[in-house]
Novice: 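Have a look at this one.
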There are 4 protein chains.
Amino acid sequence: MAQETKARIRKAAIEVIAEEGFFNTRMQDIADRAQLAVGTIYNYFSSKDEVLSYIFKYEIQRRMKSISELKEQKLSTRRFLKKFLDRHFLTLRENPNLGRVLVREKEFSRAKDNNEIKENMNSLIKMLEDIFVEGINKAEIKDINAHLMAVYFFGSMQGIIEFALTEPEIEMLVDGPDFIIKRIEHIFK
Amino acid sequence: MAQETKARIRKAAIEVIAEEGFFNTRMQDIADRAQLAVGTIYNYFSSKDEVLSYIFKYEIQRRMKSISELKEQKLSTRRFLKKFLDRHFLTLRENPNLGRVLVREKEFSRAKDNNEIKENMNSLIKMLEDIFVEGINKAEIKDINAHLMAVYFFGSMQGIIEFALTEPEIEMLVDGPDFIIKRIEHIFK
Amino acid sequence: MAQETKARIRKAAIEVIAEEGFFNTRMQDIADRAQLAVGTIYNYFSSKDEVLSYIFKYEIQRRMKSISELKEQKLSTRRFLKKFLDRHFLTLRENPNLGRVLVREKEFSRAKDNNEIKENMNSLIKMLEDIFVEGINKAEIKDINAHLMAVYFFGSMQGIIEFALTEPEIEMLVDGPDFIIKRIEHIFK
Amino acid sequence: MAQETKARIRKAAIEVIAEEGFFNTRMQDIADRAQLAVGTIYNYFSSKDEVLSYIFKYEIQRRMKSISELKEQKLSTRRFLKKFLDRHFLTLRENPNLGRVLVREKEFSRAKDNNEIKENMNSLIKMLEDIFVEGINKAEIKDINAHLMAVYFFGSMQGIIEFALTEPEIEMLVDGPDFIIKRIEHIFK
DNA sequence: TATGAATGAGTCTTCATTCAT
DNA sequence: CATGAATGAAGACTCATTCAT
């Protein structure tokens with residue numbers, strides 16, 4: 001029950017923040033969209049920043065769970081990355097607002113104590129790094145700098161999304177996975 | 001004299017906004033950085049929004065002037081685009097803060113009446129479009145949709161910068177021009 | 001509940017504005033007098049101007065309601081006007097601060113878009129005009145220009161109050177109704 | 001020469017203040033109207049308040065001078081008052097803006113240390129009082145309270161002007177002198 | 001004397017957050 | 001848990017006043 005309300009707030013926040021931007025969004029706006037009173041939000045979140053943090057945390061943990069699940073499928077590194085990207089981009093096509101928030105508001109914490117978002121992103125990057133390390137160990141990919149590769153891979157995802165959201169069409173989100181894989185083609189043996 | 005002060009404000013604003021983000025920046029911060037009183041800023045700008053608008057306007061007009069100058073050199077379309085990108089990326093390497101502002105804060109006007117920034121960007125895109133049209137007329141490039149190409153070209157510039165600013169190194173800004181030209185290689189006859 | 005707070009703000013504002021004048025009054029002053037926080041005022045009024053507008057609107061609508069009630073009593077025009085004035089001047093004797101505000105601050109909207117105050121005053125004048133028209137139709141008063149008469153009548157009310165507030169004594173507010181009736185004596189048949 | 005500039009500022013201030021009200025008038029507005037720089041005003045006046053004070057002082061002293069001149073003509077009290085009023089109302093008909101300022105802005109000093117305006121007004125009232133005292137001594141008027149009479153006389157002048165400025169026509173300023181004299185008719189023996 | 005750019009104290013207004021119901 | 005009125009700190013903006021030229 002309680003989780004339903006928290007999810008409702010999260011979804012409402014994604015919508016409003018996607019439309020207005022985090023700084024232009026008032027807690028009242030989120031409450032209105034969620035058809036709740038402002039006070040109610042504070043029963044689930046301690047601050048406005050935490051609402052945004054939670055959006056990132058929630059989505060990043062889904063990605064990490066996705067990675068964990070894929071790991072059990074014993075796929076080749078290439079197929080692994082392809083499947084991960086497919087899932088990620090599918091989610092964003094289904095919910096472009098989420099993409100807008102994840103890409104545009106990631107910088108909000110600059111000059112704030114709150115680096116929970118960055119920590120979450122780094123956890124995700126760490127998991128990607130592990131994939132590359134494993135690929136190297138399995139001799140599927142060349143002996144590259146796995147950390148740098150993970151950062152680059154993550155950055156590309158962001159770039160494609162940013163680009164796709166700028167474009168009038170959202171086509172880019174369909175071709176995104178292949179586009180990214182092509183850019184790292186040279187690392188595969 | 002007056003223009004010196006306005007330029008000082010513009011430069012101070014770029015620095016502070018790059019560091020803190022537009023919404024986290026107070027007028028007092030800009031004034032402090034420019035070693036001026038807040039009131040002085042309002043002798044040159046009517047609002048905080050206008051300060052940011054002016055940064056975009058100023059830089060975009062420089063780019064447009066750059067395009068006009070290059071036009072007089074009667075270069076091939078490929079060399080024209082390469083030179084334009086070289087200038088642009090050189091400026092950003094010399095002043096990364098400017099890049100950060102131009103890329104990260106371009107969305108600030110969402111949900112605001114103020115779309116001066118977007119208008120300025122569209123003017124620049126229009127100029128790029130003219131270049132592609134001319135290239136088609138001179139039979140240097142294939143018969144593509146010039147407008148779409150211009151949008152894509154502009155989007156790529158943004159993407160590279162975003163990516164470069166995310167990376168710890170700024171190397172990307174060196175290779176950026178070639179990177180972009182390579183992505184549109186297929187349009188040249 | 002909510003209306004209680006709004007009324008408290010209205011009353012506090014009348015007191016402070018009567019003492020200091022609208023332009024010398026700070027929102028903080030009104031809040032202090034009402035024993036509320038400044039922010040609370042903005043839960044009921046969108047701006048400082050609107051607080052003043054509301055004072056006028058509120059009082060003018062009371063006068064209009066007073067006229068409507070008197071109309072049902074089927075009085076002669078002379079007695080009607082006398083009773084209306086009696087009520088009005090009694091209110092001001094009971095709350096001289098209100099008189100001060102209504103008379104002194106009516107001009108605040110000059111050079112402002114906000115002419116709500118003037119619109120409200122004109123509504124009241126229109127009701128007075130109707131009274132005169134009715135008097136003419138009932139052959140109780142001469143065939144005068146009803147609109148001009150209403151304006152004059154209203155102006156006299158204002159004049160008496162202004163005068164009374166200048167005088168050390170407030171006696172004028174007692175004799176006011178008769179004073180005004182005497183000045184329009186010639187219109188009665 | 002210097003006095004010409006000071007007069008220019010005074011006249012410009014009367015115009016702007018009549019149109020916008022004292023509180024809505026900025027020093028820059030006065031400077032613009034006078035076709036001078038703001039700084040110049042401060043060579044002649046020490047503050048914004050002082051500009052308004054000066055307008056009152058200047059006009060009140062003219063009235064006092066007018067009274068002094070009339071005194072030398074050895075007129076009857078009635079004719080004296082009539083002539084004084086004629087002059088005053090003629091001036092206002094010629095310069096209605098002046099009337100607007102004198103009537104509407106007389107209250108600005110409330111809650112301010114600055115009561116120079118009130119002092120000047122009281123000086124004028126004192127002179128009027130002397131006229132009534134003299135009239136009593138010359139047995140031309142009844143043994144009334146001269147001070148109260150002067151206050152009433154002065155208040156009537158203000159009232160008429162306020163009324164005349166509210167009315168669409170300015171006719172009232174023509175009949176004003178007679179109107180006032182009639183109201184104090186009973187004091188003459 | 002005239003100028004007008006620079007100053008910063010003073011206010012309005014916003015909005016995240018609290019808390020009594 | 002839900003509510004939404006009350007709170008007040010924070011920040012944009014104004015404008016009288018100063019002063020170097």
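All values below come from the heavy atoms of this structure, side chains included, with hydrogens, waters and symmetry mates left out. Chain identifiers are assigned alphabetically (A, B, ...) following the order of the sequence lines, protein sequences preceding nucleic acid strands; residue numbering begins at 1 within each chain.
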Novice: Got a donor-acceptor contact below 3.5 angstrom from the B/Asn24 side chain to the B/Gly21 backbone?
Specialist: no
Novice: Do any side-chain nitrogens or oxygens of C/Ser47 fall under 4.0 Å of OP1 or OP2 in E/dC12?
Specialist: no
Novice: Ignoring the backbone of C/Tyr42, work out which of E/dA6, E/dT13, F/dA12 is nearest its side chain.
Specialist: E/dT13
Novice: So which nucleotide from F/dA2, F/dT17, F/dT3 ends up closest to the side chain of A/Leu36?
Specialist: F/dT3
Novice: Closest approach to the side chain of A/Tyr44, judged atom by atom: which nucleotide of F/dC1, E/dA2, F/dA6 is it?
Specialist: F/dC1
Novice: If each of D/Ile41 and A/Asn43 is mapped to the nucleotide of DNA chain E with the nearest heavy atom, which maps nearer the 5' terminus, i.e. the 5' end?
Specialist: D/Ile41
Novice: Show the numbers, then the answer: is there a side-chain contact (heavy atoms from CB on, under 4.5 Å) between C/Asp29 and C/Arg33?
Specialist: CA-CA 6 Å; C/Asp29 296 332; C/Arg33 188 68 65 111; over 6 Å; no
Novice: Taking for each residue the nucleotide of DNA chain F with the nearest heavy atom, is it A/Gly39 or C/Ala37 whose nucleotide lies nearer the 5' end?
Specialist: A/Gly39
Novice: On DNA chain E, nearest-nucleotide positions of C/Gln28 versus B/Gln35: which is more 5'?
Specialist: B/Gln35
Novice: Return the 5'-most residue of the pair B/Thr25, D/Arg26 with respect to DNA chain F, ranking by each residue's nearest nucleotide.
Specialist: B/Thr25
Novice: Does B/Lys6 qualify as a cation-pi partner of B/Tyr58, given the criterion of NZ or CZ under 6.0 Å from the six-membered ring centre and within 45 degrees of its axis?
Specialist: no
Novice: Taking D/Lys11 for the side chain and D/Ala34 for the main chain, is one N or O donor matched with an acceptor at less than 3.5 Å?
Specialist: no
Novice: Give a yes or no on whether the backbone of D/Ile60 and the side-chain of D/Lys65 come within a donor-acceptor separation of less than 3.5 Å.
Specialist: no
Novice: Which dot-bracket string describes DNA chain E (Watson-Crick N1-N3 plus N6-O4 or O6-N4, or G-U N1-O2 and O6-N3, all under 3.5 Å; [ ] crossing; | other strand)?
Specialist: .||||||||||||||||||||
